[in-house]
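When reading the values below, keep in mind they use all heavy atoms of this one structure, side chains included, and skip hydrogens, waters and symmetry mates. Residue numbers start from 1 in every chain, and the chains themselves are labelled A, B, ... in the order their sequence lines are given, proteins ahead of strands.
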Amino acid sequence: MKGKKHIKQKPDGKYPEPRVPADSAWADMKDILDQEIPETGQPVYEKIIPLLLKALPAVLLILAGIFLWMIYQDNNSDLSKQITQHTKIDSTIPTKKDVFRSFNSGAAKTANLPKSIIETNETLKPDSVSVLNSIKENFSRKPSMPEHTENAAGKKILKNRFYNQHEKKESDKYEVRESFISSSGIEATRYDEVKSKTRYEINTGSIKNKTPNANLSKEFDLKFPALSYLNSTSFHIDNHLNQAFEKLKVIEIDSGYARKPVRPGDKKMLWKDLHFGLHWNTLIPTGGNKQYFTGADTKQQIYFPLIPGLWISKSFKNKGEILIKASFNQYFGNSARLDSSSFQLPDSVRTRIHTSLNLIKVRGINAGVQYNQFLTKNWSLGIGANVQYQQNALLKSTSTRSGVGILSDSIYSIKGTSNQFKYLNSYFISVSPEISYSFGNMKIGTAAIFSLTSMVRNRNSRPVSGQVFLHWKIK
Amino acid sequence: MEQLQEIIEGCKRNDRKSQRDLYYQFYPALFNLCNKFFAEDHDIQTALNNGMMKVYKNISQFDSSKGTFFNWTYTVVRNSCLTILRDRKPDSTLEFKDNLIEETLSDPFESSEWTDIFISLDKLPPVTRAVCCLFYLENFSIKEIEQEMGIKSGTVKWHLNESRRRLKDVLIKNKKS
């Protein structure tokens, strides 16, 4: 019997092709090796690169969300600028000329002033001063002068601009055109005729230099009573022109106007209502929680719910909020059946051995986008969509013998590279309605998670889970 | 030979690449070995990987003066197969009290190719298959099988007789050829 070809084996002998490919078998072997005798000298990049590749879809999804959101913001900003610039004023509504005329109605000078424009006050505030100065200075304003100023808080304010121009109409008459342009770009113009260009210029010069000649001042007072009043009286003037002009009748919107260049402040608006922070969530399985803290390496990981995720949000004026989040999550499979088989024992007709493979839970990177609507100051409702990339899983293998019961019952984990990962989909999508309560920088809430797609390949496994979460707002 | 030595040294350092190279190099032969004992792919892979894990863990104990590295690995993996078989030992025992007939001692697979051997083995129940495999393909004596499998010699003989009975067609075919 010695010396037979079936007994003396060689590594390079002629063998039938193995039914299980070597790659697949090695993947399982490597999993076991990583658990039993982890490689100590493995270069860091070899571990990080596969992890980054797995996380890449989630990162791309988040970036795409941010990009779309920025486009949305830019479009909204352009639309508001168009509407502001393409507004003209009906000639029948009150203009600067009407305001001046109201001053001529006797003693009640301040009483007749539109309340939305001027209020009498002995104390001048920084904003009021800037508005007053802008009117004074712009009366004979040079083109090179700045069109904005800063208030006490250092914030830039666009000034209301006041221009005057004169040109000779006849031999002894000049046409004077005075234009008032509000900070929002609305223009009100009045036309007057004056006999002497020199006298008109002196009048304007008297305001600028604050040393009016008595005669000229008197004439100026007659001609421009409102400006004279501004020059001589201490006021508190609130810049309510914008509100006043909002009441004006809009008669034309012309899309042919050139667009106003984007101001630096517009970009700041993009980040104005942007918030970000950390969040923690813990899943509440509906199918039992025996293996709640069991990790992918079958060891207990009580710290797992403490691993934080990241979120970033943008709030809107309608008390709405778009939120993008990413975290390392686990979902429970509620013991979904992955595979099963049975065979009859050779020495018995009745005895059969049944083996089954069930999914306990999956772990991986979770990314999602959701919309929250604040119902009150504290309470909000939200709805979100999430993508879970399944990176490893905890499985349970059970063997039972008919008439006897369980023969063996083992729990083990598999990674994405494992052959048995063929039972699972690489990702699944879920939706999650939620309710939350905000207090300070914290928000606590609860959600229900419904799987839209199956966790398991070739079978329909879409378990429902509950979730409790805590958000911490850093900004 | 030098290449294998480098792989062994790498395995001693717990280098994954060396372990992978070793696995790929011996995989066809070891899969074939495990396939003798088990019909199911899952069982084959479990036995093979359990055996290879023992190889990786104990590779520093390999003594080249006692034999080749392949034979050492082959033995370790075969023992892994036997361990699984021992764990699955059925409760019921059947013993063959009579002496083995002379015909049993002749090898039914003597002139068969591997494909034919596996077709024949698949006709046998698991324990009978293992005993048949150890006796005819691994050159174990009945006493050795008794020790390795943890079953009585009478049971070994019964399984051998059972394999002869079930592989009657193969024997007849071999005799004709």
* Check the surroundings of atom NE2 in B:His42: do more than 12 heavy atoms from other residues, nucleotides or ligands lie under 6.0 Å from it? => no
* **Heavy-atom pair with the smallest gap, counting every atom of A:Ala22 and B:Tyr23** => O-CE2, 4.3 Å
* Within a reach of under 6.0 Å around NZ of B:Lys54, are more than 12 heavy atoms found that belong to other residues, nucleotides or ligands? -> yes
* side-chain contact (heavy atoms from CB on, under 4.5 Å) between B:Leu33 and A:Tyr15: does it pass, once the steps are laid out? -> CA-CA 10 Å; B:Leu33 164 66; A:Tyr15 301 104; over 6 Å; no
* Does a side-chain heavy-atom distance below 4.5 Å link A:Asp28 with B:Asn49? -> yes
* Asked: Heavy atoms, side chains only, cut-off 4.5 Å: are B:Phe31 and A:Glu17 in contact?
  -> no
* To do: Under 4.5 Å heavy-atom distance to chain A, tell me which part of B:Asn35 shows up: side chain, backbone, both or neither.
  => side chain
* **Within 6.0 Å of OH in A:Tyr427, more than 12 heavy atoms from elsewhere** => no
* What heavy-atom pair brings B:Tyr27 and A:Pro21 nearest, and what distance separates the two atoms? -> OH-O, 3.9 Å
* Asked: Hey, does the side chain of B:Asn14 reach the backbone of A:Pro38 with a donor-acceptor pair shorter than 3.5 angstrom?
  -> yes
* Structure fact -> If one checks every heavy atom of B:Ile44 against chain A at 4.5 Å, the contacting part turns out to be side chain
* Should we count NZ of B:Lys12 as having more than 12 external heavy atoms under 6.0 Å? -> yes
* Counting only N and O atoms by type, is there a donor-acceptor contact under 3.5 Å from the side chain of B:Arg16 to the main-chain atoms of A:Leu33? -> yes
* Side-chain heavy atoms of B:Met53 within contact of A:Met29, under 4.5 Å -> yes
* To do: Determine, stepwise, if the pair A:Trp26 / B:Gln19 fulfils side-chain contact (heavy atoms from CB on, under 4.5 Å).
  => CA-CA 10 Å; A:Trp26 168 249; B:Gln19 288 166 339; 4.0 Å; yes
* Structure fact -> For A:Pro18 and B:Pro28, the nearest pair of non-hydrogen atoms, with its separation, is CG-CA, 4.0 Å
* **Flag if over 12 foreign heavy atoms under 6.0 Å of CD, B:Glu40** => no
* Top contributor to chain A contacts, counting heavy-atom pairs under 4.5 Å, from B:Phe118, B:Tyr56, B:Phe26 -> B:Tyr56
